[in-house]
Amino acid sequence: MIRAELTQAETLFEHLQVQNRQPRHVGRLVSHDAGMLEVTGFRRPIGSGARVLASDGSVCRAEVVGFRGERTLLVPLDADAPLENGIRVEPDSQANMVQVGEGLIGRVIDAMGQPLDRKGPIIAGGVWPLNGVKGNVLDRGRVTEPFDLGVRAVNALLTAGRGQRIAIIAGSGVGKSVLMGQMIAGAEADIVVTGLIGERGREVSDFLETKLKHAMHKSIVVAVPADHPPVLRLRAAARATAIAEYFRARGKKVLLLIDSLTRCAHAQREIGLALGEPPAMKGYPPSALALIPRLVERAGVDARTGGSITALYTVLADGDDTDDPIVDAARAIVDGHFVLSRSLSEQAIFPAIDIGKSLSRVMADVVPDEHRQAAAAYRRLWAAYEENRDLILMGAYRPGNDPVIDEAVQRRQEILNFIRQDQKSRIDLDTSANALIAEFGA
Ligand SMILES: Nc1ncnc2c1ncn2[C@@H]1O[C@H](COP(=O)(O)OP(=O)(O)OP(=O)(O)O)[C@@H](O)[C@H]1O
Ligand SMILES: [Mg+2]
């Protein structure tokens, strides 16, 4: 009891910064240029928080993003703060701590942790560092158990593992959000944390109403629409990840969804370019690409608590642009990628997962041999059709030349029907695997 009170008291004092014996740094705002604030007399490390006190009494929060000689560069976190020359800038020690706890479940918050759902204040209870706790790499457990995502094509052909990180790569409007909703409803997770980053404002309420409705009792949503400053978009992704980490540390099976990782990288690109970083890869400065592993590496299994974060990141790839640097950077770091194909969605085959281009790198570790062999047989048929598609469609392929192609042609509809699933239905792992073995097993 006393311990709890002590901790509470410490939290209060921390806010007052009494244990910080150094003099308090109070800076002055001297320049505001392209969304970048320059402050003198404010020596704080990159990433730390600040409060800019306007003369009308309002407070604008800001974050240190760099420095130039004696001047510290900050970006404001509040979009339309009344900034003037010479106003005070103070450190904000709480800026990099995220409110976490059971009180968040069922709630929708913004990048700063403020409720958006008009359900009153949030009593969270705990705090967690925004950018996570640096741990020993060996605390990261292996992915050894399957994770049911409730979608037949995924469960059977791209089986996910508990603690796996997956990229969903697709162009716009081919069904990413619907698939994510289906997985949220179908996943066997204790807690689902969703970061809606850079979506159109209308889509946020649509997502809550249609995709999250039946999972809200175990969900937490962090939402930042596209019209918010880039730092807020980055913070929202970091906050969603921090909340997921908190629950993982309590031994929970967490499902984390970030929609979209591309828009996070775009936010970092805006900041990087404003700081004068060179655009190295197709307009992306190095920091934008470095952001991806930094975020993705925070998900996974925690070997100490047995908790896990299974994470899904959507990545935009327009016009089948597979050499987009964000797609490359994401694909290189995740443990699996699902590619959604426009041609399947145009044929009204949903979820439009292109099995041939998709891969779950942990599948072999988490499914029995019989299942793995049936999946390999399915893939062989899929690839045989795709590789000879033009010949087959032109009628240039003569049946009898190759038994695998013959079978692929004959069973084409069966193969496509196996992916097809109504967006409202859930098909669990065992049912999916058994169906696959029954149809395509040896
Ligand atoms: N499983 C499904 N069953 C039927 N229709 C679907 C399914 N999935 C997607 N669709 C159709 O595709 C449309 C676009 O889907 P969705 O909004 O999920 O795409 P998106 O990739 O998230 O798009 P954006 O890039 O705009 O975010 C839906 O409005 C719906 O008509
Ligand atoms: Mg979408």
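All ligand and atom numbering here is 1-based and tracks the order in the structure.
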Distance-only, no hydrogens or angles: does the [X] side chain make a donor-acceptor pair with backbone N or O of [Y] under 3.5 Å?
X      : Y      : result
Arg263 : Gly198 : yes
Asp206 : Arg202 : no
Arg51  : Arg61  : no

| Side chains of Thr431 and Asp428, donor plus acceptor under 3.5 Å |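 Per modelled atom types, Thr431 and Asp428 side chains form a pair under 3.5 Å.
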| field | Distance-only polar pair, side chains of Thr310 and Gln164, donor-acceptor under 3.5 Å | value |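 Checked: Thr310/Gln164 side chains show no N/O donor-acceptor pair below 3.5 Å.
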| message | I'd like to know: is the Mg ion (ligand 2) within the 2.8 Å range of an N/O/S atom from Ser260, strictly under that distance? | response |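 Given the 2.8 Å cut-off, Ser260 does not count as a ligand of the Mg ion (ligand 2).
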| N or O contact, Ser177 vs ligand 1, cut-off under 3.5 Å |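 Checking ligand 1 against Ser177, an N or O pair does fall under 3.5 Å apart.
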| request: Please determine if Pro351 has a nitrogen or oxygen closer than 3.5 Å to a nitrogen or oxygen of ligand 1. | output: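 In this structure, Pro351 places no N or O atom under 3.5 Å from an N or O of ligand 1.
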| Proximity flag Ala170 to ligand 1, non-hydrogen atoms under 4.0 Å |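 Judged by the 4.0 Å heavy-atom criterion, Ala170 does not count as contacting ligand 1.
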| said: Is Glu203 close enough to touch ligand 1? Criterion: a residue heavy atom under 4.0 Å from a ligand atom. | reply: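 Glu203: in contact with ligand 1 (<4.0 Å).
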| Can you find a protein heavy atom closer to atom 2 (C) of ligand 1 than 4.0 Å? |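 It does; a protein heavy atom is within 4.0 Å.
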| query | Are there protein heavy-atom neighbours of atom 31 (O) of ligand 1 below 4.0 Å? | reply |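 No, no protein heavy atom sits under 4.0 Å from atom 31 (O) of ligand 1.
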| Row check, Phe418 ring normal vs Arg152 NZ/CZ: under 6.0 Å, within 45° |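 Cation-pi check for Arg152 and Phe418: passes.
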| said: Cation-pi check for Trp382 against Arg412: NZ or CZ below 6.0 Å from the six-membered ring centre and within 45 degrees of the axis, yes or no? | reply: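 Relative to the ring axis of Trp382, which defines the angle, Arg412 lies inside both limits.
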| Are Asp335 and Arg361 close enough for a salt bridge, meaning some N to O gap below 4.0 Å? |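 Salt bridge absent between Asp335 and Arg361.
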| Does a salt bridge link Lys424 with Asp422, judged by any charged N lying under 4.0 Å from a carboxylate O? |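 Salt bridge absent between Lys424 and Asp422.
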| For atom 26 (O) of ligand 1, which candidate among Lys176, Arg200, Met180, Lys424 holds the nearest heavy atom? |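 Selected option, by shortest heavy-atom distance: Arg200.
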| query | Counting heavy atoms only, which of Ser345, Gly175, Ala352 comes nearest to atom 16 (P) of ligand 1? | reply |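 Among Ser345, Gly175, Ala352, the closest heavy atom to atom 16 (P) of ligand 1 comes from Gly175.
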If you count the atoms of ligand 1 from 1 in the order shown, which ones are under 4.0 Å from a heavy atom of [X]?
X      : value
Val174 : 19 (O), 21 (O)
Val178 : 1 (N), 2 (C), 7 (C), 8 (N), 9 (C), 15 (O), 18 (O)
Ser172 : 25 (O)

| request: Please write down residue, atom name and distance for the protein heavy atom closest to atom 23 (O) of ligand 1. | output: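 Ranked first by proximity to atom 23 (O) of ligand 1 is Gly173 N, 2.9 Å.
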| message | Checking a contact table here: which protein heavy atom is nearest atom 11 (C) of ligand 1, and how many Å away? | response |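 Scanning the protein heavy atoms, the shortest distance from atom 11 (C) of ligand 1 goes to Phe350 CZ, 3.7 Å.
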